[in-house]
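The next block holds one structure in the form of structure tokens; read it before the comments.
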Amino acid sequence: MQKTNPGNFFEDFRLGQEIRHPTPRTVTLGDVALYNGLFGSRFAVQSSDAFAKKIGYPRSPVDDLLVFHVVFGKTVPDISLNAVANLGYADCRFLKAVYPGDTLNAVSEVIGLKENSNRKTGIVYVRSRGFDQDGAAVLDYVRWVMVRKRDEAAPAPGEEMPELPKVVDVAKLGMACPPIDAAAYDTTLAGSPHRFGDYKVGEKIDHVDGVTVEEAEHMLATRLYQNTARVHFNQFSESKGRFGRRLIYGGHAISLARALSFNGLGNAFHVAAINGGRHVAPLFAGCTVFAWSEVLATAELPGRSDVGALRLRTIATKDQPCTGFPLKASDEYDPAVILDLDYWVLMPK
Amino acid sequence: MQKTNPGNFFEDFRLGQEIRHPTPRTVTLGDVALYNGLFGSRFAVQSSDAFAKKIGYPRSPVDDLLVFHVVFGKTVPDISLNAVANLGYADCRFLKAVYPGDTLNAVSEVIGLKENSNRKTGIVYVRSRGFDQDGAAVLDYVRWVMVRKRDEAAPAPGEEMPELPKVVDVAKLGMACPPIDAAAYDTTLAGSPHRFGDYKVGEKIDHVDGVTVEEAEHMLATRLYQNTARVHFNQFSESKGRFGRRLIYGGHAISLARALSFNGLGNAFHVAAINGGRHVAPLFAGCTVFAWSEVLATAELPGRSDVGALRLRTIATKDQPCTGFPLKASDEYDPAVILDLDYWVLMPK
Amino acid sequence: MQKTNPGNFFEDFRLGQEIRHPTPRTVTLGDVALYNGLFGSRFAVQSSDAFAKKIGYPRSPVDDLLVFHVVFGKTVPDISLNAVANLGYADCRFLKAVYPGDTLNAVSEVIGLKENSNRKTGIVYVRSRGFDQDGAAVLDYVRWVMVRKRDEAAPAPGEEMPELPKVVDVAKLGMACPPIDAAAYDTTLAGSPHRFGDYKVGEKIDHVDGVTVEEAEHMLATRLYQNTARVHFNQFSESKGRFGRRLIYGGHAISLARALSFNGLGNAFHVAAINGGRHVAPLFAGCTVFAWSEVLATAELPGRSDVGALRLRTIATKDQPCTGFPLKASDEYDPAVILDLDYWVLMPK
């Protein structure tokens, strides 16, 4: 029997199939430090135990996106080892704060399957859930990927497209942000005077700064998440591939954009949900990433007067500053755009 | 209202102005590990809890320079985002040991202002102080930077030059080093047989080793400190700039020189003060850094028989070994010199 | 008296000489995180406190090879600063689990000396032992290195070749793996269904994946271990040397191969011993490392029904996938081979 993991091919998936993923992972202060070194995040709640405590957290929670990446990483060996492309995310909710010392597991359910007309590949939709050591759900999201077939002649394993919300209903946002004392939230220390009420729908913010990515950086990050997708690590094989070089994990661009977004969104301390995300173009080492955001909506959270929610669309580009808010030319994305992310953040009122 | 931070320009500063800086930062064992991976420090007190406890610390303290960089990093968005050059440091004292888990904040006071004759820039002197979560001061230093004016026509915001000590008075050194049991200090374990009494004024030490810097390394370090100075991270814009490449944070050279200095100063376990420092020339990735030191003075600490102080001048070079103690040719610095640092270290007697 | 450490030359060693090495080192969760980021290890016992506890560990132990590298690093300034080549390892046993917070020390005994016929170098055999803060031995191994003489005319300091076991006797394996509850070991979570009984002598496993190494990565790792061997860090001097570039620490290849071996050996959660190892060829940044393994033997551990031992030979290559199990062509190693490692791992029954 083969000892190595060949990954699943399109015809291996079944609707309703539940997959318990390896590898359980205790997230530690060490992971947080390396994540900070890689992205330079400055959100005060995640940066300072003292700040977090003052507003009502027991201590600084782990960055939401680090939680996302760790859970996502677990799904790779089972879901996307034979993927051609990571097509999208939806209905991603952060349900419970994760603290250093918590151990994360992941389980996925196959919720959609659709063979492509070329019969060489198919699209697999999975709902993946992250759990902590007590079995409490911390994260829940859908992603869909295009996966190769092992055997073109194999029958399609089913066909069903899930219905996915375009936007996570604010009433369904999780409790990863505990009730906070918004009056105790010190905006000077946090680095921005702008609270929830200061942002208006339609407002666009150029996050100004740019950051260049190195090979060592994205590989350190992606390995930290135990993400095993081969295209990120193996220059020998990638040099013969489509791009001639290692492809950076899409989540790296998300974390870079989130860190850049601090400049303009300094009090958006919690990512509560990701409504949708698209990796518009690949990112490579040597490129410099910029970002801008638009406020798509503002929302009150049912039963909460401490925080409000902003629905943001954050666009990341490579090698192009975002002064002009680059997005699309007619129907096509501006060639500089690499990421189009739609998500909810919470801000103190 | 603009949501992003444009930073302060020269005319925005006022004498006596006090600035509370974002972002509070809990320094953890994770930060310490990454710092060690980046610099390879080997001072036993910071490396081993057991060693530290044996001589009287409760556990290993955080490396003094890591504390410096974290506090310094906080000051950047308010003080030097529009700086042309970081001109110097003075009167820097390490006041209290920082331990993993402590949260650092920073406050700066504007203590000097002087417009340059071209009216395009001015020099801002600030005294910056780092505090822990209990409000106790851990670090106090002065730096001065040349900052651009937003508007050349704007009147100068004042003119006053602070009086700064050329050397920190040993009587004013802080208590960041608790009383230690010098007899319990095991020089074999520490890696050097040489105690305070073995160093003589005028002695020069070539630290022998060299270390090459990579882009990923200095960016990891500088982001770890949440230092947001743009020149360190953005190759896209720097490629069009003065040097055509990213400029390495000056503090990186200080930490490299300090780590190299272990070879020859292995028992100089605590940086007690920085009398002055000058970044003589820029450092870039790909360069190899070397260092040498001269003992400028030795001093007894009032009321302490456990440790003595050495005043050191450490010179770091790029791409030039320090066998010949490169420094100046007539009045000019040797072109290989990048750092000229004058500081006090403590050594066990 | 010279303040810097010139290292020992061949004629400085004496048979039976015992060397207590600097620098004691507390291994922390931060070190573990950086190690994970560098190698992407996925063995569940080291990754998850919850998993480790469930089978009988108090918490996740520190990766065996991280322990090895830290202890090895300590020996470098005294043993191999003037080494021409690191020739081999033998009789390496992991004696006691190390947990984050433990402090490691190292002591070496010179057990063999042999001058080379050119009288310019000699071979030094040392038995090095790592101890924790309580003085308990955690690691014991022999290595031999070719060391330069300071003075060719100096008499050889003795001549004696130690007898070394070709294979560590399974009866002599340490207790670094406590008794575990093999039934509680969840192979789904661990990522491989294959237990001890599923591996047969002679079985060969291609670990499939490849990983490209960057300069920043190997330097981060090697500094984390406080390994001061100059060839790894100094491009200025290495550019003039034998290879024209920095040589990667041999242990880096071992850790890369170990991490790659997860794909095929996912339940080999503990390295119990290293029988022998040879760095067949140098590794440089930019190369992509692959690996394959052969099961040389299987063994029951005296008195233990929870785990069995596999004797593995793992071969690592650079820039050559291991589909064809590259090893030797006639008597010579395949030029792609960089590492030939013979070791015992434990697997749950």
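Proteins come first, then strands; the chains are lettered A, B, ... in the order of their sequence lines, and each starts at number 1. In what follows, every heavy atom counts, from backbone to side chain, and hydrogens, waters and symmetry copies are set aside.
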Could you pull out the closest heavy-atom pair between Pro193(C) and Asn267(C), with the gap in Å? C-ND2, 4.3 Å
Give, as side chain, backbone, both or neither, the part of Asn105(A) having an atom under 4.5 angstrom from any heavy atom of chain C. side chain
Under a 4.5 Å cutoff for heavy-atom pairs, which residue among Val213(C), Val211(C), Leu265(C) has the most contacts with chain A? Val211(C)
In terms of heavy-atom pairs under 4.5 Å with chain A, which of Pro321(C), Gly264(C), Ala44(C) leads? Gly264(C)
Using non-hydrogen atoms only, which part of Ala50(C) is less than 4.5 Å away from chain A: side chain, backbone, both, or neither? both
Does Leu247(A) reach the side chain of Phe284(A), with side-chain heavy atoms less than 4.5 Å apart? yes
At a 4.5 Å cut-off on heavy atoms, which part of Ser41(C) comes close to chain A: side chain, backbone, both, or neither? backbone
Check Arg143(A) against Ser80(A) and note the closest heavy-atom contact, atom names and distance. NH2-OG, 2.9 Å
Heavy-atom contact with chain C under 4.5 Å, split by part of Arg230(A): side chain
By ring pair (Phe, Tyr, Trp, His ring centres under 6.0 Å) - contacts of Phe236(A) (at least two apart): Phe290(C)
Identify the residue among Glu217(A), Glu215(A), Glu238(A) that makes a salt bridge (charged side-chain N to carboxylate O under 4.0 Å, His left out) with Arg246(A). Glu215(A)
Whether the side chain of Ser47(C) engages the backbone of Pro24(A) through a donor-acceptor N/O pair (distance < 3.5 Å, no angle test) should be reported. yes
Count the heavy-atom pairs under 4.5 Å between each of Leu189(C), Val289(C), Leu220(C), Val208(C) and chain A, then report the option with the highest count. Leu189(C)
Is Asp198(C) close to chain A through its backbone or its side chain, or both, or neither, when contacts mean heavy atoms under 4.5 Å? both
Could I get the full list of ring pair (Phe, Tyr, Trp, His ring centres under 6.0 Å) partners for His69(A), not counting sequence neighbours? Tyr225(A), Tyr249(A)
Return the option, out of Asp319(C), Asp31(C), Ile205(C), with the maximum number of heavy-atom pairs under 4.5 Å with chain A. Asp319(C)
What part of Leu34(A) gets within 4.5 angstrom of chain C, counting heavy atoms only: side chain, backbone, both, or neither? side chain
What part of Pro77(A) gets within 4.5 angstrom of chain C, counting heavy atoms only: side chain, backbone, both, or neither? side chain
Which residue pairs satisfy the ring pair (Phe, Tyr, Trp, His ring centres under 6.0 Å) criterion with at least one member in residues 38-57 of chain C, sequence neighbours excluded? Tyr35(C)-Phe39(C), Phe39(C)-His252(C), Phe43(C)-Phe262(C), Phe51(C)-Tyr185(C)
When you check the gap from the basic side-chain N to the acidic O, do Asp342(C) and Arg313(C) get nearer than 4.0 Å? no
Within residues 9-16 of chain A, which positions have a heavy-atom distance to chain C below 4.5 Å? none
State whether the side chain of Asn82(A) and the backbone N or O of Asn8(A) hold a donor-acceptor pair below 3.5 Å, judged by distance alone. yes
Within-4.5 Å side-chain heavy-atom neighbours: Leu29(A) and Leu29(C): no
Let me know if Thr222(A) has heavy atoms under 4.5 Å from chain C in its side chain, its backbone, both or neither. neither
4.5 Å side-chain heavy-atom contact, Gln226(A) and Val70(A): no
Is it the side chain or the backbone of Ser237(A) that comes within 4.5 Å of chain C heavy atoms, both, or neither? neither
Chain A interface, residue from Ala33(C), Gly40(C), Gly37(C) that has the most non-hydrogen pairs under 4.5 Å: Gly37(C)
Heavy-atom pairs under 4.5 Å with chain A: which of His207(C), Lys318(C), Arg42(C) has the most? Arg42(C)
Carboxylate-amine/guanidinium proximity below 4.0 Å for Asp63(A) and Arg258(A): no
